[in-house]
Amino acid sequence: MEVLNQDKIERLAAEIGVENVPVLLDIFLGELTMYIDNLNGDS
């Protein structure tokens, strides 16, 4: 199973700049972890 769609990542990089993709993914993954913890009642 592919977790990240390469075509969408490439389009995102073209729109916001390649150097900004890791920053955006770090923010997204941090928020995702927070949401998972909240759903599991770990907050």
Side-chain angles (χ1 to χ4, degrees):
M1 178 174 88
E2 186 176 307
V3 176
L4 297 175
N5 182 307
Q6 189 65 35
D7 290 333
K8 289 185 181 185
I9 296 297
E10 289 173 6
R11 281 192 306 181
L12 178 65
E15 290 180 21
I16 67 169
V18 173
E19 67 280 355
N20 294 316
V21 172
V23 175
L24 188 64
L25 287 176
D26 281 344
I27 293 168
F28 172 75
L29 292 174
E31 290 180 357
L32 184 61
T33 301
M34 180 184 68
Y35 294 142
I36 290 170
D37 288 345
N38 287 340
L39 288 171
N40 288 327
D42 296 340
S43 54

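Bear in mind that the values here come from a model prediction, so they are computed numbers and not experimental data. Heavy atoms only: backbone and side chains are in, while hydrogens, waters and symmetry mates are out.
- Here the CG-CG distance, from Leu32 to Asp37, works out to 9.5 Å after rounding to the nearest 0.5 Å.
- Expressed to the nearest 0.5 Å, how far OG1 of Thr33 lies from CZ of Phe28 amounts to 9.5 Å.
- Interatomic distance, Asn38 CG to Glu31 CD, rounded to the nearest 0.5 Å: 11.5 Å.
- The CG atom of Leu12 sits 11.0 Å away from atom CG of Asn5, with the distance rounded to the nearest 0.5 Å.
- Looking at residues two or more places apart in sequence or on another chain, you find a side-chain contact (heavy atoms from CB on, under 4.5 Å) between Ile9 and Leu4, Val21.
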